[in-house]
2 protein chains.
Amino acid sequence: MGRRDISEIRRAEYAAAAYRALMRYGNQATSLARVAEEAGASKANVLHYFKNKEALLAAALRHANAELLREAVLLLGEAQTPLERIYAVIETNLSPTSFRPQVAHAWIALCAGVPYVPAYQRIQTVIYARMRSNLMGPLRHLLPAAEAALMSDLMTTAIDGIWLRCGLSLNGVTQQEARAQLEAVLDARLPESAERRAARARMHEVARILIKARNG
Amino acid sequence: MGRRDISEIRRAEYAAAAYRALMRYGNQATSLARVAEEAGASKANVLHYFKNKEALLAAALRHANAELLREAVLLLGEAQTPLERIYAVIETNLSPTSFRPQVAHAWIALCAGVPYVPAYQRIQTVIYARMRSNLMGPLRHLLPAAEAALMSDLMTTAIDGIWLRCGLSLNGVTQQEARAQLEAVLDARLPESAERRAARARMHEVARILIKARNG
DNA sequence: AAGTTAATAAACCAATCGGTCAATCTATAA
DNA sequence: TTATAGATTGACCGATTGGTTTATTAACTT
């Protein structure tokens, strides 16, 4: 175990601790002291590996995003048709890994900081670019360019709105309600068909299997 | 000018100042000192009228919500058909009063605090209840109950997502893009028709007139 | 005019914030 | 074994936070 390894290990540890704190206590209450406590380390050592709080929280959000990305890659890897790729995106965003109030809290905190913290802005830009790429790819095969762009934007918007509501969790958006809403979005330009039914069923099944495998 | 009046005047002044601070500097940077400076008063006097910061910011958000509500009432008052009432909601949320990054910032700050600040939660609950009422009313006339509820939820979700994007304003959601997305949402269950075209045109015109009157 | 009440603000407070520093400890390299 | 570089930390710092206290001013009541 070289000294170089420790650096990376600590950075990952502290980023994960910061993410946990962000989920549990919210942005306001996530101080360096609390993150250090969460990680079982000293505040000074956290700052030994991150030049400041902003860098730490940015790493925390990238850490969380990487988790989500891993799930997306798995699902997209199983998709074989454009419609299946669209449902892969939907299933990813509804998977229990991400569709949880606590996770949503962390992302809302990110959104709140975007206008004032350049590092957050960069993360958000990357996330949106990937979302757009994941959706535009399959949509281009199914719709004219303008309509594909519209549907990509609308699905992104709807997913954002669903996450927001999930984070507030006032009346607690059910996964089923969220799914129904996203299906309705699809209805606007990709009317129900045998292909769509098949794609939905298959990716739902793939998601179920992957989740079970991860938990088991 | 009785002493009772001054109390209400100051409360309104300070709430408005807090809302301005929330829009300009974000939640993080909105301190009592800054709000007092924004209001041209002393911090102590702000706390003389609000028992603490939480109450002040809650009043600020209610103040902002009241502004939005006034606009909604005006538009809904002109709507004469169910479809027009739906478009009244859409136009309200796209009006330049509310559809601005700064305004969205303030609301995102609210959302970020909802899980931790009970007062914010109450405000959010009221807002959602009114939105649902405004949408379910007309939708019930146009769709079966279950479909009406679905569309109400979906429109709320989409509006939330649009506001969120507006607040981030990375690629800057245009009012036109937002309108196109909401039209696509309607397409899912209320296909384009002569009635819908008429309702859209009329409420768009009503909104234009009201905005012009307010600015002029 | 006198007395009471509310409006206002300066000064102050303890707590906490993000961040620095100097000093230890530890483990590898020589 | 000793030297050295990195890991780790307690103590500390100035700034800022939300909130209180105390004193002064202004205004209504009688």
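In what follows, chains carry the letters A, B, and so on, assigned in the order in which the sequence lines appear, proteins first and then strands, with residues in each chain numbered from 1.
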Output a table of nitrogen or oxygen pairs between the protein and nucleotides 17-19 of chain D separated by less than 3.5 Å.
| residue | atom | partner | partner atom | Å |
| --- | --- | --- | --- | --- |
| dT17(D) | OP1 | Ser31(B) | OG | 3.4 |
| dG18(D) | OP1 | Lys53(B) | NZ | 2.5 |
| dG18(D) | OP2 | Leu32(B) | N | 2.9 |
| dG19(D) | OP2 | Lys53(B) | N | 2.7 |
| dG19(D) | N7 | Lys43(B) | NZ | 3.4 |
| dG19(D) | O6 | Lys43(B) | NZ | 2.2 |

### Message
Restricting to side-chain contact (heavy atoms from CB on, under 4.5 Å), what partner residues turn up for Ala17(B), sequence neighbours left out?
### Response
Arg20(B), Val35(B), Glu38(B), Ala39(B)

### Task
Could you identify which residues of residues 11-22 of chain B place a heavy atom less than 4.0 Å from some atom of DNA chain C, listed by residue number, or say none?
none

### Query
dC17(C) P sits how many Å from Leu57(A) CG, rounded?
13 Å

### Message
Run the salt bridge (Lys or Arg N to Asp or Glu O under 4.0 Å) test against Arg200(B) and tell me which residues pass, sequence neighbours left out.
### Response
Glu183(B), Glu192(B)

### Task
Figure out the CG/P separation between Leu56(A) and dC17(C), and round it to whole Å.
14 Å

### Message
My understanding is that only residues two or more places apart in sequence, or in another chain, count here; which of them pass ring pair (Phe, Tyr, Trp, His ring centres under 6.0 Å) with Tyr128(A)?
### Response
none

### Task
Report, as yes or no, whether the 6.0 Å neighbourhood of atom CD on Glu54(B) holds more than 12 heavy atoms from other residues, nucleotides or ligands.
yes

### Query
Any donor-acceptor pair under 3.5 Å linking the side chain of Lys212(A) with the backbone of Ala207(A)?
no

### Query
Got a sec, which residues hit side-chain hydrogen bond (donor to acceptor under 3.5 Å, both in side chains) with Asn134(A), two or more places apart in sequence or on another chain?
none

## Note on the structure
Here the distance between atom P of dT9(D) and atom CD1 of Ile6(A), to the nearest Å, is 11 Å

### Message
If the condition is salt bridge (Lys or Arg N to Asp or Glu O under 4.0 Å), which residues does Asp153(A) pass it with, not counting sequence neighbours?
### Response
Arg132(A)

### Between C1' of dT16(C) and CD of Glu37(A), the distance in whole Å
14 Å

### Message
I need the CZ-P distance between Phe50(A) and dT8(D), as an integer number of Å.
### Response
13 Å

### Length of the NE2-P vector between His48(A) and dT24(C), whole Å
18 Å

### Query
Asn45(A) CG to dA23(C) P: how many Å, rounded?
18 Å

### Task
Have a look at Tyr49(A) and say if it touches a base, only the backbone sugar-phosphate, or nothing, with a 4.0 Å heavy-atom cut-off.
sugar-phosphate

Please list every donor-acceptor pair under 3.5 Å in which a side-chain atom of residues 104-121 of chain A meets a protein atom from a residue at least two apart or in another chain.
| residue | atom | partner | partner atom | Å |
| --- | --- | --- | --- | --- |
| His105(A) | ND1 | Tyr116(B) | OH | 3.3 |
| His105(A) | NE2 | Gly167(A) | O | 2.9 |
| Tyr116(A) | OH | Gly26(B) | N | 3.1 |
| Tyr116(A) | OH | His105(B) | ND1 | 3.3 |

### Message
Checking His48(A) now: which residues fulfil side-chain contact (heavy atoms from CB on, under 4.5 Å) with it, not counting sequence neighbours?
### Response
Asn45(A)

